[in-house]
There are 2 protein chains.
Amino acid sequence: MVKYNADNLNDVFSVLSDPTRRSIIEQLSNGERSVQELAEPFDMSLPAISKHLKVLENAGLVTHRKEGRYRYYSIQPDAMDGACEWMETLKQVWAKFEGMFCCSKNKKQ
Amino acid sequence: MVKYNADNLNDVFSVLSDPTRRSIIEQLSNGERSVQELAEPFDMSLPAISKHLKVLENAGLVTHRKEGRYRYYSIQPDAMDGACEWMETLKQVWAKFEGMFCCSKNKKQ
DNA sequence: ATTATACTTAACCAAATGGTTAAATATAAT
DNA sequence: ATTATATTTAACCATTTGGTTAAGTATAAT
């Protein structure tokens, strides 16, 4: 039932720490897109985008299918589950101990 | 009402992409800890831990108070909220469009 | 067959990252 | 006053990262 392991969390959080990659993910939330289309909003070379897509794919966050000379990328919706669950679990623990061990700066005002 | 901005997300996700830092956060979920105590589980020099703590603190994920020659670190429970919300929002969007635009590989079996 | 389009790979570069050891600082103990 | 403890800062190093340009591959169009 454990949805995450260290490697998965390393990869997913690392992928998400880059704003270009987050933006690509957001674009793909509107449906599959070609590399061209994904690159359009950025002031960046195509190879740079290509690299980001490879990083995203290695981490399991996107896949692609090939159609002629185009590559259509789409999100892999379950890939973030582990990272999400890791955070949620911590937040639950923290909520339980609310105000118990956090120093004054942590207290809600 | 927006809980996150690009810089915040960059920082938080970047912090969480390192297993040592995630482990420190997990330790701090049991209450505040001195640097020594935090360093104990790791086969790593104290300055390395000190650096990680600085990174964690810069991203707003932890604070510390000083007591004598000790520094006691504790979690800053709200710091992950933005990142968490960013992920949750996407997941909701993806759930809504379930099966609509994901290519076959994405479909649940 | 030639050329244009979509995209990747290769080679390179500067800056950031995550670690090290050695020296510095601050407090506590003797 | 001296020494020990807790921790940081400084200087260094190798690796990774995120970008570039130039060249290569695959498909489509003429």
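Quick note: numbers below take in every heavy atom, side chains included, and nothing from hydrogens, waters or symmetry partners. In what follows, chains carry the letters A, B, and so on, assigned in the order in which the sequence lines appear, proteins first and then strands, with residues in each chain numbered from 1. Note that the structure is predicted; figures quoted are calculated from it, not measured.
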Atom [atom1] of [X] to atom [atom2] of [N]: distance rounded to whole Å?
X: A:N10; N: C:dG18; atom1: CG; atom2: C1'; value: 13 Å
X: B:M44; N: C:dT20; atom1: CE; atom2: P; value: 6 Å
X: A:H52; N: C:dT9; atom1: NE2; atom2: C1'; value: 16 Å
X: B:E67; N: C:dA28; atom1: CD; atom2: C1'; value: 13 Å
X: A:F42; N: C:dC7; atom1: CZ; atom2: C1'; value: 17 Å
X: B:L56; N: C:dG18; atom1: CG; atom2: P; value: 11 Å

Close side-chain approach of [X] to [Y], heavy-atom, < 4.5 Å:
X: A:S50; Y: A:V35; value: no
X: A:L28; Y: A:I24; value: yes
X: B:H64; Y: B:Y73; value: yes
X: B:T63; Y: B:S74; value: yes
X: A:R21; Y: A:L16; value: no

Identify, between A:G68 and A:A48, the residue whose nearest nucleotide on DNA chain D lies closer to the 5' end. A:A48

In B/S/- notation, 5' to 3', how is nucleotides 1-17 of chain D contacted by protein heavy atoms closer than 4.0 Å? ----BSBBB--------

Presence of A:S45 side-chain N/O under 4.0 Å of D:dG19 phosphate oxygens OP1/OP2: no

Can you tell me how far CD of B:E88 sits from CE of A:M80, rounded to the nearest 0.5 angstrom? 8.0 Å

Check salt bridge (Lys or Arg N to Asp or Glu O under 4.0 Å) between B:K91 and all other residues, then give those that pass, not counting sequence neighbours. A:D81

Quick check: does any side chain N or O of B:Q27 sit under 3.5 Å from a backbone N or O of B:L38, one acting as donor and the other as acceptor? yes

At how many degrees, to 10°, do the end axes of the helix from C:dA1-D:dT30 to C:dT30-D:dA1 meet when each uses five pairs? 10°

Can a donor-acceptor pair be found between the side chains of A:W94 and B:Q76 at a distance below 3.5 Å? no

